[in-house]
Amino acid sequence: NRDEIYVRSTDCDRTLMSAEANLAGMYPPAGSQVWNPSIPWQPIPVHTVPLAEEQVLRYPPENCPRYKELRKETLSSANFKKLIKPYEAFLKNISILSGYEEDTLINRGKVWMIYDAFICEEIGR
């Protein structure tokens with residue numbers, strides 16, 4: 001039933017595959033929807049918007065002044081600095097190994113990109 005769900009994803013392979021995998025698990029075919037008994041899957045559309053036009057799912061929001069204000073406030077807060085203090089040696093090491101300056105790792109969010117790569121590598125083992 002096409003009125004039951006509308007799926008939107010960013011136009012990136014990783015997020016499109018995640019959407020498709022979730023849909024396969026949530027909506028297995030039944031009855032006349034089964035087109036191949038060996039493949040318990042049915043096609044369900046996943047909609048995207050070109051990245052340049054994405055306003056809903058893009059992160060971080062590039063053109064949001066409030067986001068930028070809150071991010072700057074957070075990164076300069078005493079609480080954030082206190083939370084990150086125990087990880088200074090780790091971040092220094094990641095900086096050396098990745099080639100990113102420590103400031104870029106934290107203030108530009110590159111540490112999360114590197115962390116994501118580590119997670120993907122660990123899962124793939």
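Below, all heavy atoms of this structure are taken into account, side chains as well, without hydrogens, waters or symmetry copies.
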Subject >> Minimum-distance pair of heavy atoms, taken over all atoms of Gln33 and Pro28 >> reply: OE1-O, 4.2 Å

Subject >> Over all atoms of both residues, closest heavy-atom pair of Ala24 and Trp41 >> reply: CB-CD1, 3.7 Å

**OP:** Using the test ring pair (Phe, Tyr, Trp, His ring centres under 6.0 Å), find all partners of Phe118 that sit at least two apart in sequence or belong to another chain.
**Re:** none

**OP:** May I have all residue pairs that pass salt bridge (charged side-chain N to carboxylate O under 4.0 Å, His left out) and include part of residues 42-57, sequence neighbours excluded?
**Re:** Arg8-Glu54

Subject >> Reported CG-to-OG1 distance for the pair Leu57 and Thr15, which is rounded to 0.5 angstrom >> reply: 8.0 Å

**OP:** Calculate, to the nearest 0.5 Å, the distance between atoms CZ and OG belonging to Phe90 and Ser95 respectively.
**Re:** 11.5 Å

**OP:** Classify the angle between the aromatic ring planes of His47 and Tyr6 as parallel (below 30°), tilted (30 to 60°) or perpendicular (above 60°).
**Re:** parallel

Original post:
Step by step, would you call Leu16 with Asp11 a side-chain contact (heavy atoms from CB on, under 4.5 Å)?
Top reply: CA-CA 7 Å; Leu16 285 164; Asp11 195 17; 3.9 Å; yes

Original post:
Is Glu69 paired with Lys72 through a side-chain N to carboxylate O contact shorter than 4.0 Å?
Top reply: no

**OP:** I would like to know whether Ser9 and Thr48 meet side-chain hydrogen bond (donor to acceptor under 3.5 Å, both in side chains); could you show each step before the answer?
**Re:** CA-CA 5 Å; Ser9 171; Thr48 65; over 6 Å; no

Original post:
Between Leu91 and Ile84, does a side-chain contact (heavy atoms from CB on, under 4.5 Å) hold up when you go through it step by step?
Top reply: CA-CA 9 Å; Leu91 290 169; Ile84 207 161; 3.7 Å; yes

**OP:** Quick one: do Ile106 and Tyr100 satisfy side-chain contact (heavy atoms from CB on, under 4.5 Å)? Show the steps, please.
**Re:** CA-CA 10 Å; Ile106 298 166; Tyr100 287 114; over 6 Å; no

**OP:** Evaluate the side-chain contact (heavy atoms from CB on, under 4.5 Å) criterion for residues Leu75 and Arg71: first the C-alpha distance (whole Å), next the side-chain angles of each, then the deciding distance (0.1 Å), finally the verdict.
**Re:** CA-CA 6 Å; Leu75 293 174; Arg71 182 171 175 78; 4.0 Å; yes

